[in-house]
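Each residue takes its place number in the sequence, starting with 1. None of the values given here were measured: they were computed from a predicted structure.
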Amino acid sequence: MVMALELVNQSHVTEFILLGLTERPELQRAIFIMFLIIYTLNLLGNSFILVIVILDYNLHTPMYFFLSNLSFLDICFSSVTVPKMLQNLLTQQKGISLKACLVQMHFFHFLGSTEVLLLTAMSYDRYVAICRPLHYSAIMNMTMYLSLALSSWFTGFVHSLVHTLFTSQLPFCGPNRVNHFFCDIKPLLELACRDTTFNVSLLSVVTGSLVMISFLLTLLSYALIGLSLLQIHSAAGRMRGFSTCTAHLVVVLLLYGTALFTYLRPVTKESLQVDQIAAISFTVFTPLLNPLIYTLRNKDIKKAIIWIFRLQG
């Protein structure tokens with residue numbers, strides 16, 4: 001990472017201007033209030049899950065270990081882009097240094113790709129729990145679930161580091177106006193003074209493959225879970241199971257769909273405008289949905305909340 005940042009000295013541009021979502025002041029105030037509320041709810045909701053899982057010993061299981069990882073990740077993921085976006089909505093100074101831009105890009109892709117892999121690990125955990133319940137303790141032992149989580153974080157970090165290193169080697173001679181509300185790879189490639197065919201191919205192949213393979217494995221897990229649920233004799237049990245899986249799939253499709261849509265399309269000025277809308281989906285709304293979707297009908301979480309409030313009383 002240090003080597004990557006040292007390479008930016010070859011560029012003439014030392015600061016970028018983030019154009020943001022809109023330049024209309026009346027819309028900026030409304031967007032600021034809306035996103036501030038969503039971001040605050042995201043922090044409170046995911047922090048609450050973390051506290052509950054840590055405090056309640058009954059939740060020290062693989063499922064809630066993954067859920068606490070997801071909550072921590074969502075807090076960090078949205079914090080990489082949203083605070084800077086909120087700041088830019090309130091001020092005319094929308095600059096960000098080249099090094100800070102690369103750091104923001106690195107952590108955005110690091111945490112984003114880690115979330116994709118973590119959702120795949122969570123789907124596998126649910127597959128084992130529902131389809132192979134008698135072997136669950138043997139399969140999802142501490143070594144297994146720690147390995148799945150650590151490999152998700154490590155792979156996400158390496159994936160992002162590759163993009164950061166190759167992007168940092170590009171010369172930026174101007175203009176320096178980034179057509180986005182944060183530093184992402186595609187808008188930066190538009191500003192490079194050198195041919196970026198290799199970088200675009202790397203983005204499509206590496207990021208596209210990571211997201212697509214994770215997506216297919218996640219769908220496979222939920223498809224097998226669906227087949228298992230069909231064998232349940234109780235109609236109420238089937239409906240409850242399908243309702244839970246459908247809610248999980250909403251989050252999965254929202255995240256994977258926007259990621260594939262964003263990073264597999266060619267870079268054009270028109271596509272960058274659409275990418276901003278997609279980015280809002282997985283940086284602002286998805287982190288808020290996760291604590292709701294994964295805990296709304298969860299009896300263990302509800303019991304833990306009641307237990308905590310009783311302790312407070």
I would like to know whether R132 and I139 meet side-chain contact (heavy atoms from CB on, under 4.5 Å); could you show each step before the answer? CA-CA 9 Å; R132 304 185 64 183; I139 296 174; 3.8 Å; yes
Tell me yes or no: between the side chains of T207 and H109, is some donor less than 3.5 Å from an acceptor? no
Checking side-chain polar atoms at under 3.5 Å, does S152 have a donor or acceptor matched by the opposite partner on T114? no
When rounded to the nearest 0.5 angstrom, what distance separates [atom1] in [X] from [atom2] in [Y]?
X: L90; Y: M85; atom1: CG; atom2: CE; value: 11.0 Å
X: M105; Y: T167; atom1: CE; atom2: OG1; value: 4.0 Å
X: F110; Y: F77; atom1: CZ; atom2: CZ; value: 11.5 Å
X: L203; Y: F198; atom1: CG; atom2: CZ; value: 11.5 Å
X: N199; Y: L170; atom1: CG; atom2: CG; value: 4.5 Å
X: L202; Y: T196; atom1: CG; atom2: OG1; value: 11.5 Å

Do [X] and [Y] have side-chain heavy atoms sitting under 4.5 Å apart?
X: L111; Y: F157; answer: no
X: K94; Y: L19; answer: no
X: F181; Y: N88; answer: no
X: F285; Y: I280; answer: yes
X: L191; Y: N176; answer: no
X: L224; Y: I130; answer: no
X: M122; Y: L119; answer: yes
X: L210; Y: T155; answer: yes

Tell me if a side-chain donor or acceptor on [X] pairs with a main-chain N or O of [Y] at a distance below 3.5 Å.
X: S160; Y: H106; value: yes
X: H60; Y: I54; value: yes
X: Q104; Y: V80; value: yes
X: S151; Y: L148; value: yes
X: N46; Y: N42; value: yes
X: T91; Y: Q87; value: no
X: S47; Y: L44; value: no
X: S97; Y: A100; value: yes
X: S204; Y: V200; value: yes
X: S68; Y: F65; value: yes

Is there a path of hydrophobic side-chain contacts, each under 4.5 Å between heavy atoms, that joins [X] and [Y]?
X: M34; Y: L288; answer: yes
X: I49; Y: L41; answer: yes
X: L220; Y: I213; answer: no
X: M144; Y: L217; answer: no
X: Y64; Y: M142; answer: yes

For residues [X] and [Y], report the shortest heavy-atom separation together with the two atoms involved.
X: S214; Y: L117; answer: OG-CD2, 3.4 Å
X: L73; Y: L118; answer: CD1-CD2, 4.3 Å
X: P287; Y: S78; answer: CG-CB, 4.3 Å
X: K84; Y: G95; answer: NZ-O, 3.0 Å
X: A138; Y: N141; answer: O-ND2, 3.0 Å
X: D56; Y: N58; answer: OD1-N, 2.9 Å

Where does the angle between the aromatic ring planes of F108 and F182 fall among parallel (under 30°), tilted (30 to 60°) and perpendicular (over 60°)? tilted
Just say parallel, tilted or perpendicular for the rings of Y145 and F66, cut-offs at 30° and 60°. perpendicular
Any chance you could lay out the side-chain contact (heavy atoms from CB on, under 4.5 Å) test for W153 and N69, step after step, and finish with the verdict? CA-CA 10 Å; W153 285 92; N69 267 261; 3.0 Å; yes
Distance flag, aromatic centroids of Y222 and Y127, threshold under 6.0 Å: no
Using side-chain contact (heavy atoms from CB on, under 4.5 Å), reason through Y39 and V284 one step at a time and then give a plain yes or no. CA-CA 7 Å; Y39 179 61; V284 179; over 6 Å; no
Check against side-chain contact (heavy atoms from CB on, under 4.5 Å), L43 and S79: CA-CA 9 Å; L43 295 183; S79 296; 4.1 Å; yes
Count the heavy atoms of every other residue, nucleotide or ligand shown that sit under 6.0 Å from OH of Y136, and state whether that count exceeds 12. yes
